[in-house]
Amino acid sequence: MSFMGVNWLKYSSPQAFYPLAGSLIPWCAAAAILLIGVGLYIGFFIAPTDFQQGEAYRIIFVHVPAAWMSMFLYVVMAAWAGLGLGLNARLSFMMAQAIAPTGAMFTFLALLTGAMWGKPTWGAWWVWDARLTSELILLFQYAGVMLLRTSIDDLRRADRASAVLALVGVVNVPIIYFSVRWWNTLHQGASVSMTAAPKMAATMLTAMLLMTVGFWMYSLAVTLARMRCVMVERESLLSWGKQASMQEVAEAR
Amino acid sequence: MQWGSLEEFLAMGGYGLYVWTSFGTTALCMGWEVLALWRRRAAAVAEHRDVS
């Protein structure tokens with residue numbers, strides 16, 4: 001499997017992936033800082049005040065990217081989990097393991113910033129609307145995947161069990177995404193879509209997209225860094241050539 | 001640029017509490033995650049110096 005003159009399959013081995021991840025992290029981190037910095041500048045100093053929501057609308061510059069990342073990272077996590085199950089590839093399971101905490105964090109942030117936006121504009125921190133409820137379930141799903149992993153001592157069984165749970169949970173992602181269309185929700189419809197012109201000023205859209213790509217780069221950097229931690233913690237148990245005790249296996253995670 | 005002064009910027013048209021709580025918490029979470037990973041990596045490397 002070669003593409004653009006590079007044999008990508010090579011990087012499915014831990015020995016090749018580990019240094020690759022290490023060299024990618026600084027670039028992703030630098031891109032994240034730059035994009036988020038410019039995004040914040042445009043969002044706070046160039047984008048105009050919203051005529052309906054006043055300055056409170058500026059919360060979307062962090063709310064929308066966080067919400068997108070929460071869904072996107074879940075799909076990516078489930079894809080790696082599925083790949084791990086299909087190919088029985090340890091590295092894929094580790095990738096899924098490395099993504100989960102960041103995804104959970106963005107889900108929490110999407111909910112919190114949503115509440116911060118809801119209070120001044122709707123008059124309520126929380127409503128049991130389809131969008132909000134399904135996003136809350138996503139947070140529980142992340143928690144479930146992570147907790148199931150830590151509750152099984154055998155690493156291989158932990159990998160497989162949490163992968164199955166992650167895969168089954170993917171059904172919730174389209175529900176979150178289309179909830180504003182399928183049901184009458186208090187949450188507003190999509191501000192940006194592939195088929196229609198965006199319903200906001202160009203500078204607002206630019207700020208939001210820059211923040212989104214910035215969050216994307218941040219997630220990549222953080223996930224790769226966690227992946228390297230997981231690899232050191234897990235692989236080293238095998239490299240010593242001695243039987244790892246249950247205690248060591250438990251601590252390795 | 002619609003801000004006349006720093007006070008005006010911080011007030012965010014009366015929504016300062018909501019706006020700054022959102023951005024502040026996000027920054028804290030991201031900063032904490034990076035710091036936690038830094039420490040995790042240091043601990044992992046210290047324990048298995050022969051691997052990395």
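What you see is a predicted model; the values in this text were computed from it and never measured.
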Is chain B contacted by the side chain of A/Q53, its backbone, both, or neither, given a heavy-atom distance below 4.5 Å? backbone
Let me know if A/Y57 has heavy atoms under 4.5 Å from chain B in its side chain, its backbone, both or neither. neither
Can you see which heavy atom on A/E55 is nearest to which on B/M12, and at what distance? CB-O, 3.0 Å
Are side-chain heavy atoms of B/R40 and A/E233 found at a separation under 4.5 Å? yes
With chain B as the partner, which of A/G54, A/A66, A/C229 has the greatest number of non-hydrogen pairs under 4.5 Å? A/C229
Can the ring centroids of A/F45 and B/F9 be said to lie less than 6.0 angstrom from one another? yes
Output the option from A/I36, A/L112, A/T113, A/I59 having the highest count of non-hydrogen pairs under 4.5 Å with chain B. A/I59
Show the numbers, then the answer: is there a side-chain contact (heavy atoms from CB on, under 4.5 Å) between A/V222 and B/M30? CA-CA 9 Å; A/V222 169; B/M30 286 175 153; over 6 Å; no
Do B/E33 and A/Y218 touch side chain to side chain, with heavy atoms closer than 4.5 Å? yes
Min side-chain heavy-atom separation A/H63-B/T26 under 4.5 Å: no
With a 6.0 Å cut-off (strictly less than), is the heavy-atom count around CH2 of B/W38, excluding the residue itself, greater than 12? no
For A/W122, does the CH2 atom sit with more than 12 other heavy atoms under 6.0 Å from it, leaving out its own atoms? yes
Measure distances from B/Y15 to the heavy atoms of chain A and classify the residue's part below 4.5 Å as side chain, backbone, both or neither. side chain
So what's closer than 4.5 Å to chain A heavy atoms on B/W20: side chain, backbone, both or neither? side chain
Just wondering, more than 12 heavy atoms not from A/W126 lying within 6.0 Å of its CH2? yes
Do B/Y18 side-chain atoms and A/G118 backbone N/O form a donor-acceptor pair below 3.5 Å? no
Mind ranking A/L40, A/T49, A/T102 by heavy-atom pairs under 4.5 Å with chain B and telling me who comes out on top? A/T102
Would you mind checking which part of A/A221 comes under 4.5 Å of any heavy atom in chain B, side chain (CB onward), backbone (N, CA, C, O), both or neither? neither
Residues A/M116 and B/S22: closest non-hydrogen pair is CB-OG, 3.1 Å
